[in-house]
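For reference, the structure discussed in these notes is given below.
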Amino acid sequence: MHASEHPGRILRMALPSPLRRLFDYRVPESWSQATLVPGVRISVPFGNRTLIGLLVEQTDNSELAPEQLKTAIELIDSTPLLPDALLELCRWCADYYHHSLGDTLSVALPALLRQGHATSLAEPHWRCLQPLDDKLRQQLQRAPRQLQAMEELARHPKGVSQPLLASLGISTPTLKTLREKQLLVCEQREEPVHWPSPLLHEAPLPLNADQQGALDRIECDLDRFHCHLLQGVTGSGKTEVYLRCIEQVLLQGKQALVLVPEIGLTPQTLQRFRQRFNVPTAAMHSGLNDRERLKAWLDARSGRAGILIGTRSSLFTPLLRPGIIIVDEEHDASYKQQEGLRYNARDLAIYRAKLENIPIVLGSATPSLESLHNALQQRYSQLLLPQRAAASHPHYELIDLRGQPLVAGMTPALQGQVEQHLAQGNQVLLFLNRRGYAPTLLCHQCGWVAECRLCDSRMTLHRSPPHLHCHHCDSQAPVPFRCPQCQSEELYPVGQGTERSEEELQQRFPKRSILRIDRDSTRRKDAMGKLLKQIQRGEPAILLGTQMLAKGHHFPAVTLVAILDIDGGLFSTDFRGLERMGQLLLQVAGRAGRADRQGSVAIQTHNPEHPALLQLIHQGYEPFARTLLQERQLLGLPPFQYLVLLRGEAPAMALSQQLLADTRQAGEAQVQTAGLKVSLLGPIAAPMERRQGRYRSQLLLQSHSRRDLHQLLQVLVPVMEAHPLGRKVRWSVDVDPQEML
DNA sequence: AGCACGCCGACT
DNA sequence: GTCGGCGTGCTC
Ligand SMILES: [Zn+2]
Ligand SMILES: [Zn+2]
């Protein structure tokens, strides 16, 4: 330890680098001490480049000798970019997921701030200085562009921002000309921070008794940390409860953070919030450009926005006066990041609520087993919304596929039902979770199947346009005309994808409109909107689609939902397979039924006796989930024990196996010496050994104790970092893994 | 991760 | 002779 000659003159920085440590710098002589608070951005020399990092703390001693330290370059902020709570959240997150703090902060901050952009988005505003009278019109008669600009600005005497004017086709040179004529003035302006009143734009909907009960419970702990699990079936009015909670929070002058799944942030969702409240609602989703993202972030931080709605990474957005966090569809897998910093936004949201001492509401019709377990253990309050606001519970029916002749993947019985519902003027939704034409292309003569060059998987056959496509690595290939093995021309598609079902449905129901909704049919911009519009008209139609159809959208004219093949979900290799199946099934089923009549749900299966499936449809989600919880307990799986998955992938299997085997050995030694209660399983080859040309294997750590797991990783991560194979093998630490694949 | 350095094969 | 492959080391 070296003491510096000037106390407090060493800057401990988190830098955007995967290195899991902090870096010390000297303060330039010229800087004043006063403004150096943790959380400000500072640019520093790093190797032979310059990086922008965040100040973590100031100290007067360093592991390194003073002459080994470089001097910081530039102080970018006078006030911290992130408030204490957010800094603490990022520190905790980096620690819990064993990630570098600098990289964690990079995930938390909008790209423009990482690059050093200012924390204000003041825009030039133009305002007119003279009324646009006839005399002035006369003067500008021969300058139509200038006249257009004056007309626009005369309509908005308070001024209009330059980008908005540009979008109306009014160019900056035109405006500058008018300024020279003393007709306009330009000023830098930021939007006001105060909220318009009244807060409400429209009156809230009346609540039923259950909704009121849930709201009362949440309101009674509005000023402190508490976690609520709001469990309500589709159509039970969860969103209205959210809106009423938010209203209370806004009335106290505080803000709300609403997290939604990746595909949940539809224009309709946003509209619902903006229609209810006059207070600005900021949205953050993948469709924003860097500037729009920064604007939303700054609006939340400054308190300008009363509500921030966003997907996973919005969790890291600071709020000036945090009041509540809502996690909608809390069971959704998209809350877990699947690469880099593998955080779970739902779990971090709970920790954030604790830090900020505010309530959090987890909402779902089909809660994750983790959250349900916590509610059953009384760690969360469980708020039930059992009734569907309008329609009654749908009617479920299992259809045995065994030995049945199929057309478009449907048994004769199901075809009959479809016909019947269409004839009554209703819509029918067919769910098939498989894109493309067929999952396999097979040679009838020799048994050859089209496989991916880079993965241990089969290529999916697509017809429009014709090609083979690997859904695991995105590689594509032309459809062969002859079998590459035996030259036969008898190449047959095997299995049923949405494209093929669409084709067969058109033959089976030639007079009906068939609307296919999957990633391929909605790829073009606007295509989704068009399809939704057509569905919303309510004319009889068959809607055929994948997961996309199940999430977010409501189809009031649908009275029959059919799941063409549930069996894939019943026998997944992943331990969450059944949980996922149940959640997806109920989510799809929730599309059935309208206000005035009961909906039907038909489920086709080769396993009509499957106990979990029977329990789900006869007793509902919670009994089904309780059974799964018992199984998890017996098997030592989450939420009863905790898991960490160490993954490795390399150009050869031996490399990643070796790294993980050595890691395991180091782990066993540590378990011995430190007396940790952790089991190490593996390394084993991943369920799909080769993916994108890389061989993958994994080492599983399992324990009753999060503390022991954490302590073990504290040793193992440096072992992997220092291992000579740690470079050749791409490895990652996945705490609380979502998928084992 | 990024970037430099350095050591070997194969090209003008 | 040098151009460039990637193994190795380092980043306050
Ligand atoms: Zn063949
Ligand atoms: Zn592939």
Side-chain angles (χ1 to χ4, degrees), chain A residues 1-31 33 36 38-76 87 90-91 93-95 97-109 111 113-116 313 337-343 646-652 654-656 658-659 662 692-695 716-734:
Chain A
M1 210 68 107
H2 301 262
S4 126
E5 53 276 43
H6 305 295
R9 295 252 98 185
I10 289 170
L11 306 171
R12 190 148 292 162
M13 302 285 299
L15 299 177
S17 148
L19 300 171
R20 292 166 170 87
R21 69 193 103 131
L22 301 173
F23 295 88
D24 295 345
Y25 289 88
R26 280 202 300 265
V27 180
E29 297 296 333
S30 56
W31 289 11
Q33 185 78 24
L36 289 177
V40 294
R41 285 174 297 173
I42 298 172
S43 63
V44 294
F46 189 72
N48 56 348
R49 54 209 171 115
T50 301
L51 295 180
I52 294 173
L54 247 65
L55 177 62
V56 171
E57 59 173 343
Q58 272 187 98
T59 57
D60 42 15
N61 50 57
S62 172
E63 307 269 307
L64 277 77
E67 61 272 18
Q68 288 178 279
L69 300 184
K70 293 184 184 175
T71 304
I73 300 171
E74 192 197 355
L75 178 62
I76 299 173
L87 282 174
C90 289
R91 258 195 295 261
C93 175
D95 186 54
Y97 292 105
H98 298 271
H99 207 73
S100 116
L101 177 57
D103 272 354
T104 303
L105 290 163
S106 292
V107 171
L109 294 173
L113 291 179
R114 291 198 301 265
Q115 294 156 25
S313 66
Q337 174 127 35
Q338 294 288 18
E339 58 184 45
L341 172 60
R342 294 169 174 260
Y343 67 101
L646 301 178
R647 304 167 202 266
E649 51 170 76
L655 296 173
S656 58
Q658 188 62 53
L659 174 66
D662 292 351
Q692 268 196 78
R694 302 181 69 88
Y695 291 85
L716 292 188
V717 169
V719 165
M720 296 177 89
E721 277 177 327
H723 197 288
L725 281 173
R727 308 186 137 248
K728 278 193 133 159
V729 181
R730 261 207 253 152
W731 56 273
S732 64
V733 183
D734 194 349

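Values reported hereafter were calculated over all heavy atoms of this structure, with side chains retained and with hydrogens, waters and symmetry mates removed.
- Applying the ring-ring contact (aromatic ring centres under 6.0 Å, His included) rule to pairs touching residues 45-72 of chain A yields A/Phe23-A/Phe46, sequence neighbours excluded.
- Counting non-hydrogen atoms under 4.0 angstrom, A/Leu15 reaches nothing in the nucleic acid.
- Not counting sequence neighbours, A/Gln338 has no partner by the side chain to side chain donor-acceptor pair (under 3.5 Å) test.
- Under the rule for a ring pair (Phe, Tyr, Trp, His ring centres under 6.0 Å), the partners of A/Tyr343 that lie at least two apart in sequence or sit in another chain are A/Phe316.
- Counting non-hydrogen atoms under 4.0 angstrom, A/Tyr25 reaches the backbone sugars and phosphates but no base.
- For A/Arg91, the salt bridge (Lys or Arg N to Asp or Glu O under 4.0 Å) test picks out A/Glu88, with sequence neighbours left out.
- Protein chain A touches strand DNA chain C; the 5'-most and 3'-most nucleotides with an atom under 4.0 angstrom of its non-hydrogen atoms are C/dT8 to C/dC12.
- Counting only heavy atoms from C-beta outward, the side chains of A/Met13 and A/Leu55 approach each other to under 4.5 Å.
- Contacts of A/Arg21 with the nucleic acid, taken as non-hydrogen atoms under 4.0 Å apart, include base atoms.
- Within the 4.0 angstrom heavy-atom criterion, only backbone atoms of the sugar-phosphate kind lie near A/Pro45; the bases stay farther away.
- A heavy-atom distance below 4.0 Å to DNA chain C is reached by these residues of residues 726-734 of chain A, ordered by number: A/Arg727.
- Residues forming a salt bridge (Lys or Arg N to Asp or Glu O under 4.0 Å) with A/Arg114 (at least two apart in sequence, or on another chain): none.
- Checked against side chain to side chain donor-acceptor pair (under 3.5 Å), A/Thr104 has no partners two or more places apart in sequence or in another chain.
- For DNA chain B, the span of nucleotides reached by chain A at under 4.0 Å from its heavy atoms goes, 5' to 3', from B/dA1 to B/dA4.
- For A/Arg694, the side chain to side chain donor-acceptor pair (under 3.5 Å) partners are A/Glu649, not counting sequence neighbours.
- Note on residues 39-49 of chain A: pairs passing salt bridge (Lys or Arg N to Asp or Glu O under 4.0 Å), not counting sequence neighbours, are A/Arg41-A/Asp77.
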Tell me which donor-acceptor pairs under 3.5 Å the side chains of residues 716-729 of chain A have, and how far apart each pair is, sequence neighbours excluded?
{"from": "A/Glu721", "atom 1": "OE2", "to": "A/Arg20", "atom 2": "NH1", "distance (Å)": "3.0"}
{"from": "A/His723", "atom 1": "ND1", "to": "A/Leu725", "atom 2": "N", "distance (Å)": "2.8"}
{"from": "A/His723", "atom 1": "NE2", "to": "A/Asp662", "atom 2": "OD2", "distance (Å)": "2.8"}

